[in-house]
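So the structure is just underneath, and the comments pick up after that.
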Amino acid sequence: MVTARVLPCAPRSATALRIGDLIGVQGTTARWACLQVVELMPRKRTSFIVALLPWQGDGPPMANAVRGLPPIERASTRIEVFTEGGLQVVDTTAPRRGASRSPMVPSVSVRTAWQALEAPCSTKR
């Protein structure tokens with residue numbers, strides 16, 4: 001039985017995450033970027049794979065704003081983005097087909113996600 005979640009939420013274990021979860025990242029300029037959970041590793045409680053989506057906004061990302069966007073790149077990250085970085089899962093939507101095959105970078109932290117806000121984006125809301 002799957003229990004309903006109340007969003008936003010800050011999981012304390014990767015086992016509480018779901019493929020497609022959207023993680024809002026607010027930068028120092030008050031703009032937001034979006035990470036999406038694209039892979040969960042069996043029996044791993046602390047690490048998971050996210051994709052950086054080509055989206056920026058004035059508030060947290062919502063499913064209808066990012067649905068179908070192609071990932072820019074993927075990276076491994078850890079549950080500490082929630083427990084120490086203060087990030088939250090804000091919504092969920094299925095990743096675009098092929099998202100798990102986008103380019104992989106070594107790792108992503110709250111800081112590197114914030115830096116994505118400064119990169120050119122094709123979708124701005």
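Bear in mind that the values here come from a model prediction, so they are computed numbers and not experimental data.
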Close side-chain approach of [X] and [Y], heavy atoms under 4.5 Å:
X   : Y   : value
I19 : L40 : yes
M41 : I49 : yes
V38 : V50 : no
T92 : L22 : no
L87 : E80 : no
R96 : L69 : no
L35 : L52 : yes

(request) Only counting residues at least two apart or in another chain, list the ones meeting side chain to side chain donor-acceptor pair (under 3.5 Å) with S47. (result) none
(message) According to side chain to side chain donor-acceptor pair (under 3.5 Å), who are the partners of S13, at least two apart in sequence or on a separate chain?
(response) T15
(message) Tell me every residue that passes side-chain contact (heavy atoms from CB on, under 4.5 Å) with P11, counting only those two or more places apart in sequence or in another chain.
(response) C9, A16, L17, I79, F82, V89
(request) Using side-chain contact (heavy atoms from CB on, under 4.5 Å) as the criterion, list what pairs up with R67, not counting sequence neighbours. (result) A63, N64, T93
(message) If I take atom CZ from residue R78 and atom CZ from residue R45, how far apart are they, to the nearest 0.5 angstrom?
(response) 12.5 Å
Work out which heavy atom in [X] is nearest to a heavy atom in [Y]; give both atom names and the distance.
X   : Y   : answer
Q36 : G20 : NE2-O, 3.5 Å
W32 : P61 : CE3-CD, 4.4 Å
W55 : C34 : CE3-CB, 3.8 Å
M62 : D91 : CE-OD2, 3.3 Å

(request) Take L53 and I72 through the test side chain to side chain contact (heavy atoms under 4.5 Å, CB included) and record every step on the way to the result. (result) CA-CA 6 Å; L53 300 181; I72 296 171; over 6 Å; no
(message) Go through it in stages, so that I can follow the logic: the residues are D58 and R31, the test is side chain to side chain contact (heavy atoms under 4.5 Å, CB included), and I'd like the CA-CA distance, side-chain angles, deciding distance and then a yes or no.
(response) CA-CA 5 Å; D58 295 324; R31 300 280 293 162; 2.5 Å; yes
